Amino acid sequence: MIFVDAFLKTALIATLVLAALGDIRKKEVTAMMIIMCGIIAAADAGVMLLMHSATLSYIALSLIPGIVMLLISRVTGQGLGYGDGLIALCAAPALGIQKTAFGLILAVFLAGILSLFLLVFGKAKGKTRLPFIPFMAVGMGVMVLAKI
């Protein structure tokens with residue numbers, strides 16, 4: 001069962017990388033990527049429930065960061081895209097609230113560093129939009145590898 005859990009987490013990160021590539025190229029997240037992410041995360045959540053390494057309340061709590069991202073998207077008129085929030089929401093059951101939250105914090109930090117670099121060197125202006133899912137893929141990938 002542990003092998004299945006590890007395989008599903010790896011598949012989830014691979015799906016996030018594919019979604020990141022689409023976000024970079026087309027500045028959009030396809031419904032197929034969101035659905036794939038959700039199916040993989042739901043399967044992994046099921047495995048964790050069977051292994052008794054997660055409870056339903058743990059999985060429900062993991063949805064909070066994605067819900068917050070969707071609310072931010074709504075309030076900011078998609079300053080943060082709905083696709084970003086949906087990907088976070090769908091990936092969360094496999095990672096749990098702690099890894100999801102830390103992965104998103106790392107993603108925001110990395111996006112901020114790149115934004116600062118681009119602004120300082122004149123490669124971007126204040127209104128330039130960056131795809132966020134590549135940063136999410138890195139942040140959540142690091143959290144999958146982290147032992148927290």
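Given the structure is predicted, the values throughout are model-derived calculations rather than measurements.
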- Query: Hey, are the side chains of Leu130 and Leu118 touching, using non-hydrogen atoms and a 4.5 Å cut-off?
  - Reply: yes
- Query: Do you reckon Ile97 sits in the same ILVMFWY cluster as Ile59, going by side-chain contacts under 4.5 Å, direct or chained?
  - Reply: no
- At their closest point, which heavy atom of Leu104 faces which heavy atom of Pro65, and how far apart are they? CD1-CB, 3.6 Å
- Task: For residues Met48 and Asp5, determine if any side-chain heavy atom of one lies less than 4.5 Å from a side-chain heavy atom of the other.
- Result: yes
- side chain to side chain donor-acceptor pair (under 3.5 Å) filter on Asp44, not counting sequence neighbours, yields Lys9
- Message: Please determine whether side chain to side chain contact (heavy atoms under 4.5 Å, CB included) holds for the pair Leu61 and Ile64, giving the CA-CA distance in whole Å, both sets of side-chain angles, and the decisive distance to 0.1 Å.
- Response: CA-CA 6 Å; Leu61 282 174; Ile64 292 172; 3.6 Å; yes
- Task: Sequence neighbours left out, what pairs pass ring-ring contact (aromatic ring centres under 6.0 Å, His included) with at least one residue falling in residues 103-139?
- Result: Phe117-Phe121
- Are Leu95 and Met140 close enough that some pair of their side-chain heavy atoms sits under 4.5 Å apart? yes
- Do other residues, nucleotides or ligands put more than 12 heavy atoms under 6.0 Å from the CE atom of Met32? no
- Item | Steps toward side chain to side chain contact (heavy atoms under 4.5 Å, CB included) verdict (Asp23, Ile87) | CA-CA 11 Å; Asp23 197 15; Ile87 287 286; over 6 Å; no
- Message: Same cluster or not: Leu63 versus Leu71, using hydrophobic residues (I, L, V, M, F, W, Y) connected whenever any side-chain heavy atoms lie under 4.5 Å apart?
- Response: yes
- Are Ile35 and Leu70 co-members of a hydrophobic cluster defined by side-chain heavy atoms under 4.5 Å apart? no
- Task: Calculate, to the nearest 0.5 Å, the distance between atoms CG and CE belonging to Leu106 and Met136 respectively.
- Result: 12.0 Å
- Measure across Ala137 and Ala20 and return the closest heavy-atom pair with its distance rounded to 0.1 Å. CB-CB, 4.5 Å
- Query: For Cys37 and Thr15, which heavy atoms make the closest approach, and how far apart are they?
  - Reply: N-CG2, 3.9 Å
- Do Leu116 and Val120 come within less than 4.5 Å of each other through their side chains, counting heavy atoms only? yes
- Check: Thr76 side chain, Ile72 main-chain N or O, donor-acceptor pair, under 3.5 Å: yes
- Task: Count the heavy atoms belonging to other residues, nucleotides or ligands that lie under 6.0 Å from CG of Leu56, then report whether that count exceeds 12.
- Result: no
- Task: Say whether, by atom type as modelled, one donor and one acceptor occur between the side chain of Thr100 and the main chain of Ser62 under 3.5 angstrom.
- Result: no
- Step-by-step side chain to side chain contact (heavy atoms under 4.5 Å, CB included) determination, Lys99 to Val144: CA-CA 7 Å; Lys99 287 186 178 199; Val144 164; 5.8 Å; no
- Do you reckon Leu8 sits in the same ILVMFWY cluster as Ile39, going by side-chain contacts under 4.5 Å, direct or chained? no
- Query: Run the side chain to side chain contact (heavy atoms under 4.5 Å, CB included) check on Arg74 and Tyr82 step by step: do they pass?
  - Reply: CA-CA 8 Å; Arg74 173 79 174 160; Tyr82 285 121; 3.5 Å; yes
- Message: If you define the side chain from C-beta out and look only at heavy atoms, does anything of Ser73 sit under 4.5 Å from Asp84?
- Response: no
- Which heavy atom of Ala88 sits nearest a heavy atom of Met69, and at what distance? CB-SD, 3.5 Å
- Transitively linked via ILVMFWY side-chain contacts under 4.5 Å: Ile2 with Met143? yes
- Quick one: closest heavy-atom pair of Ala11 and Ile40, and the distance? O-CD1, 3.9 Å
